[in-house]
Structure formats: structure tokens, C-alpha cells
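Letters go in sequence order (proteins before strands), and every chain restarts at 1.
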Amino acid sequence: MIRLIKVLLRDGATREIPVGTRVIDILNDLGGRLKKEALAAVVNGVVVDLTYRLEEDVELRFVTFEDEEGKDVYRHSTSHILAAAVKRLYPKAKLGIGPAIKDGFYYDFDNPDSFTPEDLEKIEEEMKRIIKEDLPFERSEMAREEALAFFAERGENYKVDLIRELPEDAVISCYSCGEFVDLCAGPHLISTGKVKAIKLLSLAGAYWRGSEKNPMLQRIYGTSFPKKSLLDEYLAKLEEAKKRDHRKLGKELDLFSIQDEGPGFPFIHPNGMIIRNELENYWREEHRAAGYDEIKTPIILNRVLWEQSGHWDHYKDNMYFTKIDDLDYAVKPMNCPGSMLIYKTKMHSYRDLPIRMAELGLVHRHELSGTLHGMMRVRSFTQDDAHIFVLPSQIKDEVKKVIDLTERMYKTFGFEYHLELSTRPENSMGSDEMWEIATNALREVLEERGFPYVVNEGDGAFYGPKIDFHLTDSIGRTWQCGTVQLDFQMPEKFELFYVGEDGQKHRPAVIHRVIYGSLERFMAVLIEHFAGAFPVWLAPKQVVVIPISAKHHQYAAEVVERLKEAGIRVEADWRNEKVGYKIREAQVQKVPYMLVVGDKELEERKVSVRERKAGDLGSFSVADFLTKIQAEIKSKAR
RNA sequence: GCUCACGUAGCUCAGUAGGUAGAGCGCAUCCUUGGUAAGGAUGAGGUCACCGGUUCAAUCCCGGUCGUGAGCUCCA
């Protein structure tokens, strides 16, 4: 008598099937689209192979490429195909690891010779062959000793490493496709033929297990999709990202430059300064309204201060030093100590708190040369910093206000964002209790406000936990910009106090926070977000007047003059060229408005308005155009 | 910092199997006065990243330095 078990499917239906039935048999029974598209199954919340045998009553659902779990299985299986191809072509290559990642997968190899881009093409061809062979992925389990011997015999010392690190009771499984066998927890696709469209993308070095003490392996990145059209779409997205690269646009639009004479120290050109000043103006407006005072503190301060703040012990590797009259000084990597000193210059009553001190502070940090990246990752940058000195009872309320302000400002630019909470790092100061209290305070704010958030264990600042804002740009990439950090350490180190209701000295808490993060990075993100086509309020050049021929120069000059008087950033293109040529130039420079003036406009005292995206808007009087553009600037329309 | 690749005119890039270089765009001058994404002609512009080595001769080969890119690690 065969025992029957119950399977609860996603639609709520229950099936009775003989024990030991494979999930694929149920799938075949279900038929329909799912039968073609299912990649793996989830049994009681665990992702398994389609060949998995059911032994007890379970909840079962199938996953396709639409599901994250499905994508992961798909890409992970493709990484095995990559490894199999590399092993065929380069038998001496040793295997590292090969996981699925966002948008694709990678596999690390230790090969005596380094791979070249030509090798990548060969490997891709071999992968296609393996896919064509439609080799089944087969799971097998091994005892620990057996697995160690198996991989040791094949010279796979990295795999041996991995097995050694597995917990005693772990099930050690391997998957094979054809002659290729890899240590792997799985699950995998039914066979290599399931993979339709593949592309190897790049080649890079990566330390074994992410530690610079270990040997460097060669990492091959790639991606795969169940349809060629999806792969093409993804590759087009990569192209689009390349077109938006702020380093490329920064050059083309003459916004900034980075020179050999100052790696990581950006030069901001006149066009870039216009954007930056607009950002600062907007920032000051919002901060004034939110009750902040603005300060400015020195860039170079005495060593003693940095010892007191803890930076000397916890941040020295990232700091620059100098000597003045034989005394040691440091260039500030953060603005907080300066703010602490200003707080200490006078007595504060509990009635004065919260005190919100904002500073657009230029900081310098020695980042590793290999991490520098345009204006995203630099060695000197201006933080839109603020330090809020609060009574312990005001902490949560102030953190909420900071989140509100951040939300307001990000909305202006059209960014969506998500939050991450970072907890105590290794090299940090203060007692566990203090960290506990601070971390809980931040967590409570997040929970009370109902914000979903991710926790980054051990990723906080050395003086306190933090909430980071990761904003999402117009093509779905995320960037860390804003952060709110709660700090009980600096007030302690600097012996800050306020006089309480009881006439006694009490310790305030400090909230460190930035909204843009750094003006440099924020500008870079903006450039990529808008693909260089800035909203009118930010556009370095808002209007170009285009006279049709020399006859119209005088009228064009009048128009320019009127717009200039109204505060519009306007220029005319006086060059001896045809209209189409001048329009193309303005279009390429992404100027929001072009005003064409010729005989007709001269006669009617009007301008023909062309908008960079919408095209020809027809003719306007100068006054009407001014009303329109000024309204757009005022509302910061996007 | 580490691995690999790269560094030629303001920009984007070609090139020389070792004999000191070329295109397009841009710029200048001239012709053209033209109505919504490139009119034509002429010209200027480079110690081929820097320093050393090999060679009769190096932009090219070799070594080093600096810088850039893709990643690793790290972060606003």
C-alpha cells in the first residue's frame, strides 16, 4: 500500500499524491504556462530542485524567472555552465565560488594564465555548446570525508577550504552537469538547455573570500535570461547607464574636471558651480525654515582636538596631516569636532535645546586610490552637515524631523529612497549600553513611522549607530547619500553640558546628519538621474536666443537683455551659422529653452519658443515667456 | 592598496611588423544670410603621460613612476 501525502498548492487547492513523488511530476500534471516556465519549486519556504522528492505533507509553489528566487536559480545554474566551460578549455583552472548576483552572476577562478577578453569570447562559445548539449543538473550528496577527498584529489583546494568551513552537521551536496562536478547547495535548473540567452560581461580581480590577505582570483561576470529580447533589453540599459555616466556628461557639459595634479580632488567649472550654488541656495532656504543656524569651521585644526574626539584612534588612516610652527595639525575628515567647539563657547540652558548647527563643510579623507570614481568617490568633498544638540527627551522627535526634511528635499528631485539602519562596528568607542540605547532610539523612530528598513550589522560610525538614505535614480540604481547618526560619545569626550531645570549640568546628545551627503556625490547622482538635462531651476544655461541671420542680432540682443534683467541665465548664439546648426548645439548642450528670432518675430515683437523635449511650442511675447519660465523655476518643476 | 587593461591634437579615436604621426568633431579666417538636430573652403594645433634602459635610431620593445578604467576591499 503506497502512503499518500497532502500537497497544498498556491491557489489553495490540495492534492493527494504518493510519497516520493517528484515536484516535476506535479508540475507536469498542472500543465499550462507554468509547466514551461517553472524553474524551481519552493517547498515549505525552501527553494528546491524540480527533481526534489516529496516525503511528507507540504506547501508547494513553483517559481519562474519573474520571481527573485527563480532568477537566482537561473543565474546560479548559468554560473555552473560558465565554470564547466572554463574547465573544458582550461583544465588547470581551479574553482572559487560562483553565485548569482543582482542582474547576473560571477564565477571566480585561479588560472595560471590570466584571462583576456578574447578568452571570454571562447568561453562564451563553449557555454553555448554546453547549453546545446542540454546536460541535466544532477544532485548527489557526499559524506564530509568523501567530499574532502574528492575535491583534494582534483586539486580544488578552494573547494576543500569551503568544505572545512561548513558546520559539522551540514549536508554536503554536489551538482554535476556532464563531466563537470561542483560543490554546491543548489538548487539548479533541470538541465543546461533551459538557459536561453547568455552574455559574459567583464573580467576583474577579486580576493579569495574578500580578504586582501588571500590570493587574488580572476572573476568573470556575466548574465543570462530566458529570452534573447530580455538580454537585449538589459544590455540596452547598460548602454543607457554609460550614456548617463556623470564623468562623460561632466566633460561634455563642462561641469567639472579631475586632473592628474589632484587625483580625487575635483575642479568645478563655471557651469557646475551654477548647479552647486542652486543646490546650496535651496538647501539654505529649507534649513532656515527648519530652524537651523549656519556655521563655518576651519579646515585645519590641532592634533589635540582629534585626539579628544577619538578620530586619532579610530580614523587616523583616512586623515591628512601637516605641521604648523612645529606643532601637529590635521586636515578635518569630519565637521563634528568644530561644531562641538562652537557649542562649548557659551553656556546653554535646557530651554535653548535643540540647537541645530548646520555647516557646508569641506572635508578631506584619504581614500584608497583604487576606489576613486569621478565625483562619486573623491578625497575632498563638501558635506551638507548639521549637528543637532538635543535633550535626551528630544531625540526621537528630532530624528523624525530630519527624516521629514530629507524626504521633502529628495521629492524635489524626484528620487525614491529606502532606509538602512547600521549598528555598532568593530573599531568603535563607548559602552554597550550606550550603543544599545542609541540603536533602539533609531529603530523605534523607524518603526513608529512605519518605514521598512534593512539592517546593516556592524556598519555604523565609530561614535554611534546611523540610518542611511539610499536613493534610487531614474534607471533604478541606488546611491547612499543622506545619513542620520545618533551620538552620545562626542558630548562625553568634549564634556558638553546644558543647565537643566534643576540648575545642574546635564549631558546633551548629538545628532549628526547630512541630506545631500556630499555636494559632489549628489551632483554626480543628479547628472546621471537627469541624464544631463537638468530641470530649468538647475540648468547652467536656461535659455539660448537664436537669431536667424545677422539682421536679427539687434532684436536678439534686446531679448537677451530683457531676460537677463529678469534673472534668467540666457545667452545668444551669435555665430554665423544656420538655425538648424545652432539648435543642434543647444540641444546637445541640453539647454531647456531655445528662442528663435527672425523677420516674423522681429515684426511682431515676439519669440518662437522651442523646448528641448517637446520641440516647437509656437510664438510667445517675451513677457508671456518670462511668466512661463519663472513659474517653472519657482516651482522647481522637473 | 591589490589584480588586469589602458594613457597619441581641446574632445572621440586611427596608426607606425622601431626611421619623430593621421581622421572626424571643435577652434580661427573667408565664402554663404540660411526658419527648428551638422552649408562650403582654407588654416592653426601634438617633445605620442613622465623618467630611465636596449638600439645607429623609440610614440612603438623592456623596466619604473604617475594617472585613468573594470572589479576586490572601503565609504558621503
Side-chain angles (χ1 to χ4, degrees), chain A residues 106 108 110 113-117 201-221 245 247-248 251-252 254 257-264 315 317-318 333-335 361 363 365-385 422 425 456 459 461 466 468-470 479-483 485 512-522 524-525 546-553 575-589 594-601 608-612 615-618:
Chain A
Y106 66 77
D108 288 342
D110 186 352
D113 301 311
S114 53
F115 295 127
T116 64
L201 296 167
S202 64
L203 204 51
Y207 298 111
W208 171 238
R209 321 213 77 178
S211 166
E212 52 194 350
K213 293 188 188 78
N214 290 335
M216 184 161 283
L217 310 184
Q218 297 179 65
R219 177 169 295 178
I220 298 178
Y221 285 89
D245 191 312
R247 292 165 299 182
K248 182 174 142 72
K251 201 180 277 179
E252 285 171 6
D254 199 9
S257 60
I258 311 253
Q259 323 247 0
D260 288 0
E261 288 79 355
Y315 211 73
D317 291 348
N318 282 296
M334 295 188 195
N335 302 302
V363 298
R365 296 184 185 174
H366 181 76
E367 302 292 349
L368 293 178
S369 59
T371 65
L372 303 179
H373 180 89
M375 288 219 295
M376 293 281 189
R377 209 44 211 290
V378 292
R379 284 177 170 161
S380 76
F381 54 99
T382 301
Q383 294 184 304
D384 63 318
D385 219 340
S422 297
N456 283 327
D459 221 20
K466 58 177 186 165
D468 291 324
F469 294 78
H470 292 252
W479 306 96
Q480 196 211 306
C481 289
T483 162
Q485 308 174 345
H512 306 237
R513 45 108 287 180
V514 290
I515 291 179
Y516 290 144
S518 89
L519 282 151
E520 288 76 6
R521 177 179 290 179
F522 197 79
V525 173
I546 298 177
I548 285 177
S549 77
K551 288 188 292 201
H552 315 109
H553 280 191
R575 288 176 307 177
N576 181 12
E577 295 289 352
K578 292 189 176 173
V579 191
Y581 183 91
K582 296 181 188 177
I583 285 179
R584 178 170 200 280
E585 171 99 353
Q587 201 72 45
V588 167
Q589 286 294 307
M594 289 152 253
L595 305 183
V596 179
V597 295
D599 285 338
K600 202 172 65 163
E601 290 76 14
S608 279
V609 180
R610 182 190 162 98
E611 201 271 338
R612 70 185 157 195
D616 197 346
L617 300 184

**Prompt:** When the C1' atoms of B:G24 and B:U20 are considered, how many whole Å apart are they?
**Reply:** 24 Å
**Complete:** Taking B:G35, B:G26, B:A37 as options, the one with an atom nearest any side-chain atom of A:S608 is B:G35
**Asked** With respect to A:E367, which candidate in A:R377, A:H373, A:R379 satisfies the side chain to side chain donor-acceptor pair (under 3.5 Å) definition?
**Response** A:R377
**Message:** Looking at B:C11, which nucleotide sits across from it as a Watson-Crick or G-U wobble partner, both distances under 3.5 angstrom, or is there none?
**Reply:** B:G24
**Item:** Opposite nucleotide pairing with B:A44, Watson-Crick or G-U, both atom distances under 3.5 Å
**Value:** none
**Asked** Does a side-chain heavy-atom distance below 4.5 Å link A:Q587 with A:M594?
**Response** yes
**Message:** As an exercise, state the distance from CG of A:D245 to CE of A:M376, rounded to the nearest 0.5 Å.
**Reply:** 7.5 Å
**Prompt:** Using purine N1 to pyrimidine N3 plus N6-O4 or O6-N4 for Watson-Crick, or N1-O2 and O6-N3 for G-U wobble, each under 3.5 Å, what pairs with B:U68?
**Reply:** B:A5
**Message:** Over all strands shown, is A:E252 touching base, sugar-phosphate only, or nothing at heavy-atom distances under 4.0 angstrom?
**Reply:** nothing
**Complete:** Any strand, both distances under 3.5 Å, Watson-Crick or G-U wobble: B:G63 pairs with B:C51
**Item:** Whole-Å distance separating the NZ atom of A:K248 from the C1' atom of B:C25
**Value:** 13 Å
**Request:** Determine which nucleotide pairs with B:A38, using a 3.5 Å limit on both distances of a Watson-Crick or G-U wobble pair.
**Result:** none
**Asked** What does A:K251 touch in the nucleic acid at a heavy-atom separation under 4.0 angstrom: a base, only the sugar-phosphate, or nothing?
**Response** sugar-phosphate
**Check: B:G35 base within 3.5 Å donor-acceptor of A:E601 side chain** = yes
**Request:** Not counting sequence neighbours, which residues clear side-chain contact (heavy atoms from CB on, under 4.5 Å) with A:R584? List them please.
**Result:** A:V588
**Message:** Can you check the distance between B:U8 and B:U29, where both ends of the measurement are the C1' atom (answer in whole Å)?
**Reply:** 28 Å
**Prompt:** Which letter, B, S or -, goes with each nucleotide of nucleotides 65-76 of chain B from 5' to 3', with contact meaning a protein heavy atom under 4.0 Å?
**Reply:** --SSSSBBBBBB
**Asked** B:A58 pairs with which nucleotide, Watson-Crick or G-U wobble, both distances below 3.5 Å?
**Response** none
**Request:** Write down the partner of B:G18 under the Watson-Crick or G-U wobble criteria, each distance required to be under 3.5 Å.
**Result:** none
**Request:** Take atom CD of A:E585 and atom P of B:G39, then tell me their distance rounded to the nearest Å.
**Result:** 12 Å
**Message:** Just the rounded figure in Å: distance from C1' of B:U29 to CD of A:E577.
**Reply:** 13 Å
**Request:** Can you measure from CD (A:Q480) to NE2 (A:H470) and round to the nearest 0.5 angstrom?
**Result:** 4.5 Å
